[in-house]
S.K.: 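I'd like to ask you about the structure that follows.
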Amino acid sequence: MTESSEWLIYRGAGEPHDGIDRLPGPPPWRDFTSRDEAGAGDGSEDRRLGSHRHLAELHRPGAEELEMINAALYLRRPLLVTGSPGAGKSTLAHSVAYELGLGNVLRWSIVSRSALQDGLYHYDAIARLQDVQIAAQGGFGASAGTSVEGIGSYIRLGPLGTALLPSDTPRVLLIDELDKSDIDLPNDLLNVLEEGEFAIPELERVADRLPDGEAEVLTADGVKVPVRDGRVRCRAFPFVVLTSNGERDFPAPLMRRCIHLELGRPDHNRLATFVRAHLGDEAARAGDDLVTRFLERSRSELLAADQLLNAIYLTDAAATPGRDRLADLLIQRLDRPR
């Protein structure tokens with residue numbers, strides 16, 4: 001094996017070998033071993049903010065960015081954050097939650113099929129029907145499905161629904177890549193974001209038969225909470241961050257209800273801080289030339305900061321002579337013709 005290929009784990013040799021034993025630990029932003037088995041954390045804080053954040057200035061927003069974030073906090077309005085991929089839009093939500101001690105960020109990742117119902121709650125009618133059938137056949141442990149009191153066992157709140165639960169301090173909700181949704185979702189969000197409440201019809205219909213009108217449902221955090229009279233009403237409006245890569249325009253009614261923040265292209269200092277927070281001082285110094293090249297290319301090409309992190313980590317871990325070539329393979333322009 002040549003010196004330039006010593007870092008390869010998979011060699012394409014067509015024969016089994018124990019190379020997987022040489023695979024180093026994952027990069028910090030892809031390390032899922034830090035998830036708290038007790039459920040108090042999911043490891044997303046380290047992956048988003050960086051496991052070395054104590055070594056860096058971390059997220060130091062500019063004056064306008066700071067003012068818009070605080071405007072959203074004061075006015076209890078959603079913050080719509082637009083910018084190129086990897087500009088730090090999602091990280092902003094985690095930074096606010098971390099600094100203000102608002103708990104884990106609730107994340108709703110939008111795809112083309114996402115609907116308002118997905119963010120609010122899910123009622124598993126099929127599971128309830130199955131439990132009723134099992135109980136009718138003399139099965140065990142199916143009493144919840146046959147009683148009105150057990151209906152809450154089949155309801156799980158989504159990220160938006162969980163964020164709207166009554167609490168003394170706001171939760172942070174990240175609605176990520178809203179521009180990926182179909183044309184209806186931005187308009188469908190208007191009433192819920194304006195009123196800060198929503199109904200669960202399956203509970204409303206039987207509220208008068210529930211003890212004190214309450215049913216226990218499961219949250220997006222996996223915790224059981226009571227819902228009274230079939231309605232979820234917030235006390236502290238959540239800090240909602242809507243992100244967009246700018247792939248589409250949003251309707252005026254949504255824009256009117258949001259505080260809009262446009263994140264510009266990061267400068268050298270911000271990118272270096274970003275690298276330092278994730279990989280530490282030594283890696284930031286070793287990859288400084290890659291940061292410079294990244295910035296030069298980003299003036300005319302669409303690139304993402306995640307690509308820079310990948311390149312600095314891998315070229316350091318692989319220690320291959322073809323460092324620049326490997327970095328270029330990892331940092332390919334996102335707007336190139338396919």
Side-chain angles (χ1 to χ4, degrees), residues 28-37 39-51 53 58-59 69 72-73 77-83 85-122 156-165 167 169-182 185-186 188-189 192-193 196 198 217-223 225 232 234 236-245 247 250 254 258-259 261 263 277-278 304-306 309:
W29 59 94
R30 296 298 298 168
D31 185 0
F32 300 97
T33 60
S34 60
R35 287 173 170 165
D36 185 348
E37 294 181 0
D42 61 2
S44 61
E45 191 177 275
D46 277 350
R47 293 199 303 275
R48 286 287 175 179
L49 297 181
S51 58
R53 58 182 178 271
L58 190 60
H59 188 75
I69 293 170
L73 284 167
R77 288 291 187 183
L79 181 68
L80 174 60
V81 187
T82 57
K89 301 184 295 296
S90 301
T91 300
L92 186 151
H94 289 267
S95 179
V96 171
Y98 176 71
E99 182 174 322
L100 299 182
L102 299 179
N104 293 329
V105 173
L106 295 161
R107 181 171 183 172
W108 182 14
S109 297
I110 303 299
V111 297
S112 59
R113 301 179 305 279
S114 296
L116 177 62
Q117 185 73 24
D118 301 323
L120 293 177
Y121 75 96
H122 172 68
R156 179 161 190 153
L157 300 180
L160 175 54
T162 301
L164 291 173
L165 285 168
S167 62
T169 56
R171 291 295 302 268
V172 176
L173 170 65
L174 172 62
I175 303 180
D176 209 13
E177 298 191 338
L178 183 60
D179 51 336
K180 296 286 194 299
S181 72
D182 71 11
L185 182 58
D188 293 343
L189 285 168
V192 174
L193 293 179
F198 68 96
V217 304
L218 202 62
T219 69
D221 298 314
V223 179
V225 296
V232 174
C234 73
F237 189 79
F239 180 68
V240 181
V241 178
L242 310 166
T243 74
S244 168
N245 291 328
E247 296 182 4
F250 294 117
L254 178 68
C258 293
I259 304 298
L261 171 63
L263 290 185
H278 283 278
D306 309 72
L309 272 185

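From a predicted model like this one, the values you see are computed outputs, not experimental measurements.
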S.K.: What heavy-atom pair brings P78 and L193 nearest, and what distance separates the two atoms?
M.R.: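 Scanning both residues completely, I find the closest heavy atoms to be CG-CD1, 4.0 Å.
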
S.K.: Could you measure the distance from the CG atom of L173 to the CG atom of L164? Nearest 0.5 Å is fine.
M.R.: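 That separation rounds to 8.0 Å.
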
S.K.: What residues, two or more places apart in sequence or in another chain, satisfy side chain to side chain donor-acceptor pair (under 3.5 Å) together with T82?
M.R.: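 Expected list: H260, E262.
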
S.K.: Is there a donor-acceptor contact under 3.5 Å linking the side chains of D176 and S109?
M.R.: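 No, no side-chain donor-acceptor contact under 3.5 Å.
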
S.K.: Holding to side chain to side chain donor-acceptor pair (under 3.5 Å), I want the full list of residues that pass it with S167, two or more places apart in sequence or in another chain.
M.R.: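 Residues passing side chain to side chain donor-acceptor pair (under 3.5 Å) with S167: none at all.
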
S.K.: Is the side chain of R171 donor-acceptor paired with the backbone N or O of N104 at a distance under 3.5 Å, no angle test?
M.R.: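 Yes, R171 side chain to N104 backbone: donor-acceptor pair under 3.5 Å.
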
S.K.: For the atom pair OH (Y121) and CD (Q117), what is the distance rounded to the nearest 0.5 Å?
M.R.: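 Answer for the OH-CD pair, Y121 versus Q117, is 4.5 Å.
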
S.K.: Heavy atoms only: give me the nearest S181-I110 pair and the separation to one decimal.
M.R.: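 Closest approach of S181 to I110, heavy atoms only: CB-CG2, 3.5 Å.
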
S.K.: Any heavy-atom pair between the side chains of F239 and T169 that's under 4.5 Å?
M.R.: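 No - every pair of side-chain heavy atoms lies 4.5 Å or more apart.
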
S.K.: Looking at every heavy atom in both V172 and A93, which two are closest together, and how far apart are they?
M.R.: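 Closest approach of V172 to A93, heavy atoms only: CG1-O, 3.7 Å.
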
S.K.: Side chain to side chain contact (heavy atoms under 4.5 Å, CB included) between F250 and L80: does it pass, once the steps are laid out?
M.R.: CA-CA 10 Å; F250 294 117; L80 174 60; 4.0 Å; yes

S.K.: Holding to side chain to side chain donor-acceptor pair (under 3.5 Å), I want the full list of residues that pass it with R156, two or more places apart in sequence or in another chain.
M.R.: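 Checked R156 against side chain to side chain donor-acceptor pair (under 3.5 Å); zero matches.
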
S.K.: If we ignore hydrogens and angles and just use 3.5 Å, is the side chain of T243 paired with the main-chain N or O of E177 as donor and acceptor?
M.R.: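 Side chain of T243 to backbone of E177: a pair is present.
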
S.K.: Show, in sequence, the C-alpha distance, side-chain angles and deciding distance for L73 and L100, and conclude whether the side chain to side chain contact (heavy atoms under 4.5 Å, CB included) test is met.
M.R.: CA-CA 11 Å; L73 284 167; L100 299 182; 4.1 Å; yes

S.K.: Can you list the steps and then say if L92 with I69 is a side chain to side chain contact (heavy atoms under 4.5 Å, CB included)?
M.R.: CA-CA 9 Å; L92 186 151; I69 293 170; 3.7 Å; yes

S.K.: Check whether any side-chain N or O of T162 sits under 3.5 Å from a backbone N or O of A220 as a donor-acceptor pair, and report yes or no.
M.R.: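 Side chain of T162 to backbone of A220, a donor-acceptor pair under 3.5 Å: yes, one is there.
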
S.K.: Taking side chain as C-beta onward, heavy atoms only, is L309 less than 4.5 Å from H278?
M.R.: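 L309 vs H278: side chains touch.
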
S.K.: Can you name the side chain to side chain contact (heavy atoms under 4.5 Å, CB included) partners of D182, sequence neighbours left out?
M.R.: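 If we apply the side chain to side chain contact (heavy atoms under 4.5 Å, CB included) test to D182, skipping adjacent residues, the hits are D184, L185.
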
S.K.: Once side chain to side chain contact (heavy atoms under 4.5 Å, CB included) is applied, do any residues pair with A236, and if so which ones, sequence neighbours excluded?
M.R.: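 For A236, the residues satisfying side chain to side chain contact (heavy atoms under 4.5 Å, CB included) (neighbours in sequence not counted) are P170.
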
S.K.: Evaluate the side chain to side chain contact (heavy atoms under 4.5 Å, CB included) criterion for residues R107 and L174: first the C-alpha distance (whole Å), next the side-chain angles of each, then the deciding distance (0.1 Å), finally the verdict.
M.R.: CA-CA 5 Å; R107 181 171 183 172; L174 172 62; 4.1 Å; yes

S.K.: When you compare the side chain of V240 with that of L160, does any pair of heavy atoms fall below 4.5 Å?
M.R.: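 L160 does not reach V240 side chain to side chain.
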
S.K.: Backbone N or O of S244 within a donor-acceptor pair of the D179 side chain at under 3.5 Å?
M.R.: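 The answer is no, because no donor-acceptor pair under 3.5 Å joins these two groups.
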
S.K.: Verify, without hydrogens or angle tests, whether S95 (side chain) and T91 (backbone) share a donor-acceptor contact under 3.5 angstrom.
M.R.: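 Side chain of S95 to backbone of T91: no pair is present.
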
S.K.: Given side chains that start at C-beta, do those of V192 and L116 come closer than 4.5 Å, heavy atoms only?
M.R.: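 In contact.
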
S.K.: Could you tell me which residues satisfy side chain to side chain donor-acceptor pair (under 3.5 Å) with D118, sequence neighbours excluded, listed by chain and number?
M.R.: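 Checked D118 against side chain to side chain donor-acceptor pair (under 3.5 Å); zero matches.
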
S.K.: Compare all side-chain heavy atoms of C234 with those of L165 and state whether any distance is below 4.5 angstrom.
M.R.: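 Answer no - side chains too far apart.
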
S.K.: Has the side chain of K89 got a donor or acceptor atom that lies under 3.5 Å from a matching backbone atom of G83?
M.R.: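 Checked: pair present.
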
S.K.: Side chains of L79 and L242, heavy atoms from C-beta outward: is any pair under 4.5 Å?
M.R.: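 A side-chain contact is absent here, since even the closest heavy-atom pair is not under 4.5 Å.
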
S.K.: Taking all atoms of both residues into account, what is the closest heavy-atom pair of A97 and G103, and its distance?
M.R.: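 Nearest pair, atom of A97 first, then G103: CB-O, 3.6 Å.
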
